[in-house]
Amino acid sequence: MPELPEVETTRRGLAPRLTGHRLVAMTVRDHRLRWPIDAALPAHLRETTLKAIGRRGKYLLFDFGCGTMLVHLGMSGSLRLVDTQEPASRHDHVDWVFSPGRLLLRLRDPRRFGAVLWHTEAIEEHPLLRHLGPEPLEPGFDGRYLFQATRGAKASIKSVLMDSRKLVGVGNIYASEALFGAGIRPRMAAGRLTRDACDRLAAAVKHTLAAAIKAGGSSLRDYRGASGELGHFQIEAKVYGRGGAPCRVCHTPIRRIVQGQRASYYCPHCQT
DNA sequence: ACTGGATCCTGACTGC
DNA sequence: TGCAGTCAGGATCCAG
């Protein structure tokens with residue numbers, strides 16, 4: 001499941017192949033995603049031209065001029081360009097065919113937590129986007145913002161990092177990785193972070209996400225790029241999924257805890 | 001206003 | 001080998 005780097009890598013893989021192409025057909029095999037896919041969407045989109053593919057947080061925004069198609073990959077979704085002859089398998093729920101070139105874009109989502117939505121008003125006012133926090137890789141997100149945004153918060157810093165109203169794009173894996181990078185324990189109350197800790201954490205979030213994008217969004221086990229290639233595994237997790245294994249810095253065993261039903265990992269020596 | 005928990009769904013893996 | 005139980009990358013909704 002895609003966190004911001006995987007979504008951005010997907011966007012960068014698709015945009016040059018699809019931008020400027022005309023959608024000639026859309027096939028919905030299973031409309032039961034997180035929200036049902038609008039049965040009228042194929043008719044809305046037919047014969048429209050894809051102007052651009054944008055991203056807000058983990059949402060991909062396909063701009064067709066007359067409206068925007070939002071795609072969220074949920075926990076298990078992927079978008080790939082495949083050969084038009086390739087038969088659809090069990091969890092391939094949606095196909096889009098673009099011309100010229102007969103390019104076939106295919107959405108696969110076994111757990112069906114993803115979404116495909118259509119919006120014709122200003123996209124930034126969409127109910128799912130309106131309350132989103134800043135993009136972590138843009139200048140609006142920095143230590144000063146993080147410090148201000150966490151004052152008075154009793155919640156753990158890890159849950160704040162994953163709260164899309166405070167900050168978009170950071171999921172369970174990169175939250176643990178960024179906290180390791182900043183030397184902060186995941187259970188630390190967000191409101192108790194010093195300004196210096198916020199500076200370190202904002203920098204670690206940016207660094208962690210940027211490095212993962214640079215590596216092709218490849219830190220996830222079964223992540224595949226826009227053409228279906230496996231991730232490169234160029235980013236080794238420092239702590240995520242490494243409970244009991246020695247810290248790569250100090251060799252202390254990495255701890256696994258559960259916060260809000262999600263696993264968190266940290267080094268009890270490097271993180272305080 | 002915040003916060004934590006339950007929830008949607010399927011597949012992969014572990015241990016008996 | 002089979003089967004039950006556990007865990008998984010998200011984010012909304014709801015109760016306290």
Side-chain angles (χ1 to χ4, degrees), chain A residues 1-10 29-37 55-60 70-79 88-94 107-117 126-133 136 148-179 186-192 205 208-209 212-213 215-225 230-231 233 235-244 256-265:
Chain A
M1 216 90 310
E3 301 186 31
L4 187 147
E6 291 72 36
V7 176
E8 177 61 17
T9 299
T10 298
R29 276 181 220 84
D30 193 337
H31 69 280
R32 298 171 303 163
L33 299 186
R34 178 176 194 124
W35 297 282
I37 298 176
R55 179 185 59 74
R56 179 74 175 99
K58 296 171 191 167
Y59 293 90
L60 285 167
L70 283 77
V71 176
H72 196 288
L73 299 175
M75 298 261 278
S76 59
S78 62
L79 278 173
S89 57
R90 180 154 174 226
H91 300 294
D92 293 337
H93 304 313
V94 186
L107 173 70
R108 176 180 165 82
D109 187 3
R111 293 175 72 179
R112 289 193 276 114
F113 286 176
V116 175
L117 300 167
H126 190 283
L128 290 170
L129 306 186
R130 198 166 38 200
H131 302 293
L132 292 180
Q148 169 264 318
T150 52
R151 289 314 88 190
K154 290 190 199 146
S156 70
I157 183 56
K158 195 222 181 190
S159 66
V160 168
L161 284 181
M162 293 176 63
D163 182 344
S164 62
R165 293 165 306 180
K166 298 271 198 324
L167 168 69
V168 298
V170 177
N172 202 41
I173 293 180
Y174 294 116
S176 279
E177 294 297 303
L179 285 164
R187 274 192 292 226
M188 162 82 90
R192 294 186 52 227
V205 166
T208 303
L209 297 179
I213 291 171
S218 58
S219 61
L220 304 187
R221 251 187 294 283
D222 58 359
Y223 173 72
R224 284 166 190 260
L230 278 170
F233 293 94
I235 307 263
E236 264 195 329
K238 299 281 202 310
V239 290
Y240 185 82
R242 299 191 66 244
R256 177 189 190 275
I257 61 173
V258 175
Q259 295 177 274
Q261 286 121 272
R262 311 294 293 276
S264 301
Y265 299 86

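Owing to the predicted nature of the structure, the values given are computational and were not obtained by experimental measurement. Side chains are part of it too, since the values below use all heavy atoms of this structure and drop only hydrogens, waters and symmetry mates.
At whole-Å resolution of the value, CD in A:E3 and C1' in C:dA11 are 13 Å apart. Rounded to whole Å, the distance from CG on A:L128 to C1' on C:dC13 is 13 Å. The CZ-C1' distance, from A:R262 to B:dA6, rounds to 13 Å in whole Å. For A:M162 and B:dG5, the CE to P distance is 14 Å, given to the nearest whole Å. When the C1' atom of C:dT12 is taken as reference, atom NE2 of A:H126 falls 14 Å away, rounded to whole Å. In this entry the distance linking CG of A:L132 with P of C:dG10 reads 14 Å, nearest Å. Atom CD1 in A:I257 sits about 12 Å away from atom P in B:dG4, given to the nearest Å. A:Q259 places its CD atom 16 Å from the P atom of B:dA6, with the value rounded to the nearest Å.
The shortest distance between the side-chain N/O atoms of A:R151 and the OP1/OP2 oxygens of B:dC2 is not below 4.0 Å. Of the side-chain N and O atoms in A:Q261, none sit less than 4.0 angstrom from OP1 or OP2 of B:dG4.
A donor atom on one side chain and an acceptor atom on the other are not found under 3.5 Å apart for A:T208 and A:E177.
Here the CD atom belonging to A:E3 is positioned 14.0 Å from the CD atom belonging to A:E8, to the nearest 0.5 angstrom. Summarising the geometry, atom CD1 belonging to A:I157 is positioned 9.5 Å from atom NZ belonging to A:K166; distances are rounded to the nearest 0.5 Å. Taking CG of A:L128 as the start and CZ of A:R34 as the end, the distance is 8.5 Å to the nearest 0.5 Å. Atom NZ of A:K58 is separated from atom CD of A:E6 by 9.0 Å, given to the nearest 0.5 angstrom.
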Protein heavy-atom contacts under 4.0 Å, written 5' to 3' over nucleotides 9-16 of chain B as B (base), S (sugar-phosphate only) or - (none), form the string BBS-----
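Here B:dT3 is the nucleotide among B:dT3, B:dG4, C:dA8 with the atom lying nearest to any side-chain atom of A:K154. Distances from the side chain of A:H72 to the nucleotides B:dT3, C:dT12, C:dG10 place C:dG10 closest.
No more than 12 heavy-atom neighbours from other residues, nucleotides or ligands sit within 6.0 angstrom of CZ on A:R165. Remark: A:R56 CZ is packed, more than 12 non-hydrogen atoms of other residues, nucleotides or ligands lying under 6.0 Å away. Atom CZ of A:R29 has more than 12 heavy atoms from other residues, nucleotides or ligands within 6.0 Å.
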Secondary structure of DNA chain C per the Watson-Crick/G-U criterion (both distances under 3.5 Å; [ ] crossing, | other strand, . unpaired) is .|||||||.|||||||
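On the P atoms, B:dA6 is 15 Å away from C:dT6, given to the nearest whole Å.
Residues A:P136 and A:L209 come closest through the heavy atom pair CG-CD1, 3.5 Å.
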